[in-house]
2 protein chains.
Amino acid sequence: MLDLIAQRRGTLGPAERRVADWVLEHPRRAARMRLAELAAASGSSEPTVIRFCRRFGLRGFRDFAPRMTEALSRPATYVHHHVQPDDAPVDAATKVVDASIQALFAIRAQVASMPVQAVVDALARARQIVFAGLGASGHVAADASHKFFRLGLPCTALTDSPSILQYAAIAEPGDVFLVTSHSGRWAELARAAATAGERGACTVALTEPGTPLADAARFLLPCHAPEDTNVYTPMSSRLAQLALLDALQVALALAMGDAAVDRLRRSKDALQRG
Amino acid sequence: MLDLIAQRRGTLGPAERRVADWVLEHPRRAARMRLAELAAASGSSEPTVIRFCRRFGLRGFRDFAPRMTEALSRPATYVHHHVQPDDAPVDAATKVVDASIQALFAIRAQVASMPVQAVVDALARARQIVFAGLGASGHVAADASHKFFRLGLPCTALTDSPSILQYAAIAEPGDVFLVTSHSGRWAELARAAATAGERGACTVALTEPGTPLADAARFLLPCHAPEDTNVYTPMSSRLAQLALLDALQVALALAMGDAAVDRLRRSKDALQRG
DNA sequence: GTCCAGCATGTAGGAAAATTACAGAAATAT
DNA sequence: ATATTTCTGTAATTTTCCTACATGCTGGAC
């Protein structure tokens, strides 16, 4: 959380930046403060603080305090080790796994402030669920489709731009359109989400907060994972997305009750025979 | 905090005791609830809940949620929490992520004793790399192929039995055949690995130790992840497999030297333009 | 140089949640 | 049996947060 604030500090306007600076300098105090207090202390106004919170994927200032206390009480033991060119294969491998663990910790800390309940409700009522993603995120989408399908829900995975845009154009109310992206910067994904949303579908973005895609979707599951810049593929963030979708599926299964659990058990038993 | 509540539970009156019991039974949900919600859920009233909080040295209900989240995010609570039917969606989601973190910890501990060096050597010299997997592991294979492909190596992913068996029959020395499976019990996968091995290919299994597939392959990357038996899909183990393949790719990139790193950078830059 | 569009910021009013005041019920002691 | 103390719930009060709208600023077009 604090990392994220520090990182995105530069993209903020002057007033919001004052808030960011104050929070970064007095994180523990900020966690215990009221909205009006923080606004006064940082020399800005209440709506500015709220907008500041929203920019980081929070629903409002109500989620700020819990989120901060969680971030502050998180064990800081797992410091990120960058992979060095002269690392032995085993050491490099260990560091990569460490980075993944780190990413999951980050996700864990954020889960509490995500609109999980709202998304689960939408999924439970969905006429169909459409997962979309390009490149590596396409694999995430395919995996998710394969996973939610076992709950007995109509699922599809779309992994190329034409299909995604075509679907968005024919989306209907009752559909849930879940778009996955590491960077959130592909224009066509944001456009597809916007279109589907206008047509009445429930759009969910699984991506970095503050990006076009994140803004275009109705619900945002923020997925910010600190990547090792020496590694040129978004690995840990993809892992975080998968873990989050796993979590979503389990939450959905619980919400759907016995019928869903029964379907899962049956689909598992079907494999056991093989 | 929770210990304190449990300890002082006996000294409370009936109504406040109902609150204490409810909080002890659903600590994570309690941390996220409103005053009115907690009062209703515990079968008491709002002032009773406030008095309950004051009894533990808190100024009021406003301090309750932060205290709880702090208590719950302590390292001790990371250890094993099974998902329960009456968990709130957010709590279930957190538990699933916890399970994934645990799986990665388990993998991390095992990495040191894996034949990473040997596998990396084989991959670096490979004429082509073939990833194979069925069902959920098929997605892992596809993802791996997509990832190693960026190193400039000839890669394929096979995700159905006929293709896998056909490939095994025409495998050649210089090929690396990497088979992924959660259970390791699909007979055709073990057979394919054996066949490919006989034909001189280097076979690598990414699966549970002690299974037919593990025995049939030349190298074994053990991937045993403790699954929550209440969850009927192998989620954390699949995550562990992905993390391990990520690690392998990075290790391989390092072993291949500047050329590989350059290819990764180029493939990343190609996306940036989009 | 002037005007307009778009964005960032702040003001004020309204909604929601937590807290307090008070009164009734239960339990115990006299 | 009654009085007193303790406990509990209803209703009003206050605090806190959020939203709608107005204002001022920056940057680009004509």
Side-chain angles (χ1 to χ4, degrees), chain A residues 5 8-23 29-69 112-115 117-118 187 190-191 194 209-212 214-216 218-220, chain B residues 1 5 8-23 29-70 88 90:
Chain A
I5 294 175
R8 293 185 55 81
R9 177 185 173 280
T11 71
L12 272 48
E16 290 185 26
R17 187 176 300 181
R18 285 198 298 276
V19 178
D21 289 343
W22 203 96
V23 170
R29 279 176 68 188
R32 299 197 74 82
M33 286 174 94
R34 310 266 163 243
L35 173 58
E37 292 175 333
L38 181 54
S42 61
S44 66
S45 67
E46 302 186 9
T48 300
V49 175
I50 292 179
R51 280 188 284 263
F52 166 81
C53 296
R54 297 239 167 92
R55 217 171 272 278
F56 294 96
L58 277 61
R59 253 197 57 202
F61 184 74
R62 298 198 112 88
D63 292 341
F64 178 73
R67 192 74 188 64
M68 284 294 284
T69 47
S113 55
M114 293 183 191
Q117 176 84 61
R191 210 165 73 235
T211 57
D215 296 338
R218 173 135 164 58
F219 295 114
L220 170 65
Chain B
M1 182 68 184
I5 295 175
R8 296 251 279 269
R9 178 183 172 280
T11 72
L12 273 48
E16 289 185 28
R17 187 175 299 181
R18 285 199 299 276
V19 179
D21 289 344
W22 204 94
V23 170
R29 279 173 71 183
R32 217 187 62 69
M33 292 209 311
R34 307 260 171 242
L35 173 57
E37 291 173 333
L38 180 54
S42 62
S44 66
S45 67
E46 302 184 12
T48 301
V49 175
I50 291 180
R51 281 187 284 263
F52 165 82
C53 296
R54 298 241 165 96
R55 220 170 269 277
F56 293 95
L58 302 173
R59 261 193 76 229
F61 183 75
R62 305 194 102 91
D63 292 341
F64 177 73
R67 266 292 174 76
M68 286 295 282
T69 48
E70 193 165 8
V90 173

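Worth saying up front: this structure is predicted, and the values here are computed from it rather than measured. Labels below follow one simple rule: chain letters A, B, ... track the order of the sequence lines, proteins then strands, and each chain is numbered from 1.
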> Under the 3.5 angstrom rule, does the side chain of A/R59 hit a backbone N or O of A/R54 as a donor-acceptor pair?
Replying inline: no
> Is the CZ atom of A/R17 crowded by more than 12 outside heavy atoms at less than 6.0 Å?
Replying inline: yes
> Of B/S45 and B/R62, whose closest DNA chain D nucleotide lies nearer the 5' terminus?
Replying inline: B/S45
> Does the pair A/F219 and A/M114 meet the rule for a side-chain contact (heavy atoms from CB on, under 4.5 Å), with working shown?
Replying inline: CA-CA 9 Å; A/F219 295 114; A/M114 293 183 191; over 6 Å; no
>> Counting the atoms with a prime plus P, OP1 and OP2 as sugar-phosphate, which does B/R59 contact under 4.0 Å by heavy atoms, base, sugar-phosphate, or nothing?
In response: nothing
> Could you state the interatomic distance from SG (A/C53) to CE (A/M68), rounded to the nearest 0.5 Å?
Replying inline: 9.5 Å
> In whole angstrom, what separates A/F61's CZ from D/dT15's P?
Replying inline: 17 Å
>> Pick the closest DNA chain C nucleotide for A/P47 and for A/R55 by heavy atoms, then say which residue is nearer the 5' end.
In response: A/R55
>> Heavy-atom nearest nucleotide on DNA chain D for B/A15 versus A/D63: which residue maps closer to 5'?
In response: B/A15
> Within the side chain of A/T69, is there an N or O that forms a donor-acceptor pair under 3.5 Å with the backbone of A/A65?
Replying inline: yes
> Is any side-chain N or O of B/S44 closer than 4.0 Å to OP1 or OP2 of D/dG9?
Replying inline: no
> Nearest to the side chain of A/I50, which nucleotide is it out of D/dT8, D/dT16, D/dT19?
Replying inline: D/dT19
> chain A on DNA chain C: first and last contacting nucleotide, 5' to 3', under 4.0 Å to a heavy atom?
Replying inline: C/dT9 to C/dA17
> What is the distance, rounded to the nearest whole Å, between atom CD of B/E46 and atom P of D/dA11?
Replying inline: 12 Å
> Around atom CZ of B/R67, are there more than 12 heavy atoms of other residues, nucleotides or ligands at under 6.0 Å?
Replying inline: no
>> At a heavy-atom distance below 4.0 Å, what parts of residues 31-43 of chain B sit against DNA chain D?
In response: none
>> Pair A/V23, A/F64 - check side-chain contact (heavy atoms from CB on, under 4.5 Å), show working.
In response: CA-CA 11 Å; A/V23 170; A/F64 178 73; 4.0 Å; yes
> With sugar-phosphate meaning primed atoms plus P, OP1 and OP2, does B/R18 contact a base, only sugar-phosphate, or nothing at under 4.0 Å between heavy atoms?
Replying inline: sugar-phosphate
> What residues form a salt bridge (Lys or Arg N to Asp or Glu O under 4.0 Å) with A/R32, not counting sequence neighbours?
Replying inline: B/D63
> When you look at B/S44 and B/V49, which way does the side-chain contact (heavy atoms from CB on, under 4.5 Å) test go after all the steps?
Replying inline: CA-CA 7 Å; B/S44 66; B/V49 175; 3.9 Å; yes
